[in-house]
Undergrad: 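Dropping a structure here in structure tokens format, bear with me for questions.
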There are 2 protein chains.
Amino acid sequence: MIAGVAACENWCATVLEGVVKLSKILPDGRQQIVALLFPGDFLGRPFQAEFPYTAEAATDVHLCCYSRTSFEGLLRDHPKFKQAFLERTLDSVDVARDWMLLLGRKTAREKVATLLLTIMARSAKPGSERGNVETELVLPLTRTEMADYLGLRLETVSRQLRQLEASGAIRRCDVRRILVLAEEKLAAAAGPPDGSESLQPSGSL
Amino acid sequence: MIAGVAACENWCATVLEGVVKLSKILPDGRQQIVALLFPGDFLGRPFQAEFPYTAEAATDVHLCCYSRTSFEGLLRDHPKFKQAFLERTLDSVDVARDWMLLLGRKTAREKVATLLLTIMARSAKPGSERGNVETELVLPLTRTEMADYLGLRLETVSRQLRQLEASGAIRRCDVRRILVLAEEKLAAAAGPPDGSESLQPSGSL
DNA sequence: CGCGTCCTTGAGTATCCTCAACTGCCGTGG
DNA sequence: CCACGGCAGTTGAGGATACTCAAGGACGCG
């Protein structure tokens with residue numbers, strides 16, 4: 001179990017529990033979270049000494065760690081494993097580019113609503129078939145982190161959450177806990193769906 | 001040689017000449033260019049029937065095309081090739097995430113300056129060792145396309161270019177041709193460099 | 001109890017967007 | 001040959017969204 005910032009140059013890991021954020025930080029303090037890693041996601045950068053991000057635990061995290069070189073050996077020796085890793089990496093590209101659309105072209109309202117839907121989708125247990133009942137979702141991020149993920153300021157995130165609540169889409173039970181009252185309203189607030197929806201949101205890097 | 005929009009579901013290609021833009025388009029018309037493909041870059045999405053982007057020629061383009069399945073066969077049968085493709089794909093993730101930082105956290109000025117530097121770097125001939133002389137660079141994009149890549153409006157791009165000219169960093173010879181008078185000024189306008197600079201800008205997807 | 005962190009809310013503002021007019025260029029066709 | 005329309009770009013005026021700054025509340029911890 002690890003909490004805090006990790007260097008992540010000579011090792012890789014699989015997230016077992018919790019959420020890890022990957023971010024880029026400018027010298028002047030501006031920060032952009034570039035990915036959220038949920039259980040099952042891979043953390044690391046094979047075939048390169050430099051790890052080009054800052055990895056930080058967003059919640060308490062359990063990792064399954066291994067050395068970078070041994071992971072590279074695994075990829076070398078097991079074609080099927082390598083194939084799976086390649087497909088995951090291709091998915092990571094798609095996920096990053098989806099987020100580019102959000103960062104570049106969506107309004108603050110749409111950004112926040114999209115984030116809630118994304119967290120809901122990714123933190124759902126794979127097996128649990130949820131009906132249309134109200135879903136409670138636990139935010140793994142602070143307001144500042146949400147802002148850094150969405151390209152907004154924390155005050156803006158706070159205000160948009162309040163407005164989503166006013167619209168009846170959600171209810172803020174608690175700072176970290178949000179009840180999704182009307183998923184369709186939330187989806188509407190998230191803006192028009194991209195024409196080419198990817199099927200499975202799996203495989204972050 | 002191909003110009004126009006391509007479906008790109010059952011084939012892949014390598015860009016031989018020209019520039020291809022990959023974009024995501026929302027039903028309401030909002031558009032985000034998610035990658036620019038220069039000569040040597042790969043175009044396609046193996047292991048998936050859906051191609052999740054719109055590919056469009058930004059300039060006249062020469063492609064080396066092959067069927068998706070045959071490319072997948074190549075990956076299957078040639079581990080070294082697969083390795084190279086995997087590393088390129090990993091680089092693509094990094095490139096996309098670098099751009100996320102730009103989209104989420106940079107000002108209009110910084111965005112435009114960064115774009116110019118990026119285009120300069122990517123369109124430089126690999127062999128040509130350029131001294132500190134003034135470099136002329138040819139934009140492969142219209143103002144609208146630059147805006148769609150940067151998450152701005154075309155008017156804003158136009159104004160920022162004028163201001164960069166006023167600052168003495170560049171000179172607009174022509175709508176499409178820009179003379180970089182002072183690369184260090186341009187770099188300054190592009191904002192603080194990211195702490196973890198990747199070494200080679202190669203390998204888009 | 002006091003302090004620090006996170007969050008909320010308000011007031012004022014700046015950046016970037018919207019709308020609109022105008023220019024230059026180019027290809028078409030009278 | 002020149003008029004015309006369309007497209008790309010520039011520029012200006014005005015406005016909206018999101019930011020900045022600031023104050024205050026809630027909560028946890030020493």
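Note on naming: letters A, B, ... go to the chains in the order of the sequence lines (proteins, then strands), and numbering restarts at 1 for each one.
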Undergrad: Would you check if there is a donor-acceptor pair between the side chains of A:Q163 and A:R109 at a distance under 3.5 Å?
TA: yes
Undergrad: Taking all non-hydrogen atoms of both residues, which atom of B:L103 and which atom of B:K111 are closest, and how far apart?
TA: O-NZ, 3.6 Å
Undergrad: Within the structure, does a side-chain N or O atom of B:R162 lie under 4.0 Å from either OP1 or OP2 of D:dT11?
TA: yes
Undergrad: With sugar-phosphate meaning primed atoms plus P, OP1 and OP2, does B:R172 contact a base, only sugar-phosphate, or nothing at under 4.0 Å between heavy atoms?
TA: sugar-phosphate
Undergrad: Which atom pair, heavy atoms only, marks the closest approach of A:E72 to A:Q48?
TA: OE2-N, 4.4 Å
Undergrad: Please give me every residue in residues 147-159 of chain B whose heavy atoms get under 4.0 Å of an atom in DNA chain D, ordered by residue number.
TA: B:L154, B:E155, B:S158, B:R159
Undergrad: Encode nucleotides 24-30 of chain D as B, S and - characters from 5' to 3', where the letter depends on protein heavy atoms closer than 4.0 Å: B to the base, S only to sugar-phosphate, - to neither.
TA: -------
Undergrad: So which atom in B:Y66 and which in B:C64 form the shortest heavy-atom distance, rounded to 0.1 Å?
TA: CE2-O, 3.2 Å
Undergrad: Do B:S67 and B:S70 have side-chain N/O donor and acceptor atoms under 3.5 Å apart?
TA: yes
Undergrad: Just how far, in rounded Å, is C1' of D:dG9 from CG of B:L161?
TA: 11 Å
Undergrad: Against the six-membered ring of A:Y53, is B:R97 placed for a cation-pi contact (under 6.0 Å from the centre, within 45° of the normal)?
TA: yes
Undergrad: With rounding to the nearest 0.5 Å, note down the distance linking OG in A:S23 to CD1 in A:I33.
TA: 6.0 Å
Undergrad: What is the distance, rounded to the nearest whole Å, between atom CD of A:E165 and atom P of C:dC7?
TA: 15 Å
Undergrad: Which residue pairs satisfy the ring pair (Phe, Tyr, Trp, His ring centres under 6.0 Å) criterion with at least one member in residues 135-169 of chain B, sequence neighbours excluded?
TA: B:W99-B:Y149
